[in-house]
Structures are given as C-alpha cells and as structure tokens.
Amino acid sequence: MSLAAVEELARDGRLYPSTILHGGDLHARLELAQELARALLCEAPPQERPCGACRHCSRIEVATPSEQGKADAEAPFHPDFRVLSRDLKASTSVEAVRALLRLTQQHPFEARGQVLVVAEAETLTGEAGNALLKTLEEPPTGAPRHFLLLAPTQEALLPTLRSRSWAVYLGPPESLDQGRVETLADAFAAPLEAWESTGNGVYLLLAAAALEGAGGWEDLRAQRPWGMAAAAVARCAHRAAPGDLRRRLWGLAQDLLEAPRWRLRNVLPQRILEGLLARRLAPVVPAGRSPARALG
Ligand SMILES: [Zn+2]
C-alpha cells in the first residue's frame, strides 16, 4: 500500500485494524505512526485530518529517539493512544503486550477509537506476538482499535501477524545520517518557502536542485540518495503546519521512494526530481513546459 493511500484511509477511519510500517529508519516510522494516530483520532472534518491543533492531535506525540530523555512530566498524554517500547534488553515481553491489550478491553475514554503503537515490533517474543494476534482475531467490539506495528522489515514479524495486517513500506531499511538529513531538509525548505509565498515555479526547480544535494546518484541502482531525499522531505512535512502542503509533502516523500524505477531507465536524477516536485506540488504547470513530461 502507498503512504498516500494509507493516510487517506486513516483520515476516513477505514484503516485496517493492524498496519505494519516497515522500512526507513526508526525516526521515520515513529513520525508516520504519530501522523496516522492523529488522523485516526482527530476531530476535524475528514479532509482536514490531522488538524494538528484539536484536543486529540495536540496530545498525541511520539517521542523520537533523540527526545526520549525528555522527562515524562513534559510529555503530553492521551488516554486512547499508547506507544509500547521495548521493555527488555532485546525484546518486547508478553507481559508488556498484555498490559497494552488490557487497554483495549476498556471503551475509549475521549476519542472515537484507540491507537496502539508497537515501536519495535521486530523484538516481540513469539508469545507476545501470539497474544497480539489473538486480539486481532477476536477484536474488542464497540469502537475501532488500530494497531501500528513498526519494524525495519516486515519479514521480522510472525507470518500469522503479517497475514492479518496491511503493510506500508517506507524505503530501504538503512540507517541514514540524521545530521545530513537535517541539512538537506533545511536546503530544501528555503526555496520551498519562497515558492509557497511567491508561486514562482523557479523556486520549485531550486527545491529540486537542493534535493540533488543528497549525492551518490551515479549508480543507477542506488537506493540511498532517494532514501535521503525522501527523509528530508518527510522532515519538512513533519515541520509544516497541518494542511494541504503538508499532505503534498508526505505524498512527495513516498514518490521519491518509488523513484528508482525511473532512474533505472536512465532518466537524469535532476529531471526525475523536477518532475516529481512539479507533479506533486504544482499540479498546474504551463502545457509543454512540464518537467513531468520527462517521466511520461
Ligand atoms: Zn486534530
């Protein structure tokens, strides 16, 4: 399933009870989990979810690995949203999973459903995975419960769990240098802001050029530059105010992960980047001048 499709299903409340978010890095998986949880519980009209501002959105926050030192008292709390982190050195225990599942036996406190995130599902013990499976097979009635299972690869999960879940792929499961992603995101954000305020398409070309700064494009099969570019765009989406631009940026991040197929046809990276930005961010471009034609 594509990221855009999953986000739309979440906004409409039609997401499958169990969704696996795999690939990418832990940071990207946690950010997407937060975005989906907000979309699922947000009280704005569906097309505006997640609004980022309502009493649900504002209290749903997933601590990223760099923020995990943050004192508990500072972390916002939502009673219908829970993130289960690994509790043992190398695994997530059946006891921890049972404690999470007990929450699903209660009716949601405030929201229309519950969202439960397993942050490192690849570390679930066999027993823990089976406990979770049982709840998926006999779901509590009354209100929707959504499980988001995060893992580097979906193959790391029990086949029975996989067969009961939808899966969303976030790109090659390699660890990207977060400092470089941050720098690339800043370089992309500047022309993007200029484009947003002026509408001048030149800035979109500059934004595409900024993403080319990911480097390493010479190898036609390389996934890494696309992963870097996607992570930088996802970072900007995360920073952006909720709304249309933010949704377009999430879509663009997904497009970039699927872009290596163009590169394999020997299309220049610059053309691909310009085409994807034009298609996603400025759907209306003068006929005959659309860089998207390079991808036709
Ligand atoms: Zn909201």
Side-chain angles (χ1 to χ4, degrees), residues 1-21 24 26-64 66-68 70 72-85 100 103-104 106-119 139-140 142-150 166 168 170 185 189 192-193 196 231 233-254 280-281:
M1 295 208 64
S2 77
L3 184 53
V6 164
E7 293 196 313
E8 191 180 333
L9 290 168
R11 282 199 289 277
D12 293 346
R14 290 185 292 128
L15 195 65
Y16 208 60
S18 174
T19 305
I20 297 169
L21 311 182
L26 181 62
H27 198 100
R29 295 192 290 272
L30 289 170
E31 282 187 355
L32 178 60
Q34 174 178 296
E35 192 75 5
L36 290 178
R38 287 180 177 174
L40 283 162
L41 302 184
C42 178
E43 59 188 11
Q47 66 278 13
E48 287 163 30
R49 295 173 190 164
C51 76
C54 71
R55 65 196 175 111
H56 300 299
C57 286
S58 60
R59 284 181 297 148
I60 292 173
E61 197 168 291
V62 176
T64 53
S66 57
E67 295 165 349
Q68 269 165 1
K70 201 166 157 183
D72 278 351
E74 288 175 42
F77 174 78
H78 193 296
D80 301 315
F81 170 74
R82 208 55 62 83
V83 180
L84 178 66
S85 301
L100 181 76
L103 191 71
T104 67
Q106 293 167 317
H107 197 76
F109 290 96
E110 296 181 26
R112 58 181 168 270
Q114 294 173 327
V115 181
L116 307 147
V117 178
V118 181
R145 269 80 174 183
H146 293 281
F147 287 91
L148 302 176
L149 311 179
L150 282 44
W166 282 345
V168 190
L170 299 182
L192 185 72
E193 274 166 28
E196 221 193 328
V233 171
R235 197 62 55 87
C236 290
H238 191 68
R239 291 180 195 159
D244 188 47
L245 178 66
R246 185 180 170 129
R247 280 193 288 275
R248 286 168 184 266
L249 287 173
W250 279 115
L252 177 62
Q254 182 69 24
R280 194 53 91 157
L281 300 178

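Every number for a ligand or one of its atoms is a count from 1 in the order of the listing.
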If you stand at the Zn ion (ligand 1) and look out to SG of Cys57 and SG of Cys51, what angle do those two lines make, to 10°? 120°
Is the backbone of Ile60 close enough, under 3.5 Å, to the side chain of Arg38 for a donor and an acceptor to pair up by distance? yes
For Arg11, does its backbone N or O pair with a side-chain atom of Arg49 as donor and acceptor, under 3.5 Å? yes
Quick one, Arg55 and His78 - any side-chain contact, counting heavy atoms below 4.5 Å? no
In this structure, the Zn ion (ligand 1) sits at the vertex of an angle between SG of Cys42 and SG of Cys54 that rounds to 10° as 120°
Look at the aromatic rings of Trp166 and Tyr16 and report parallel, tilted or perpendicular, splitting at 30° and 60°. parallel
Strictly under 2.8 Å, is the Zn ion (ligand 1) approached by any N, O or S atom of His56? no
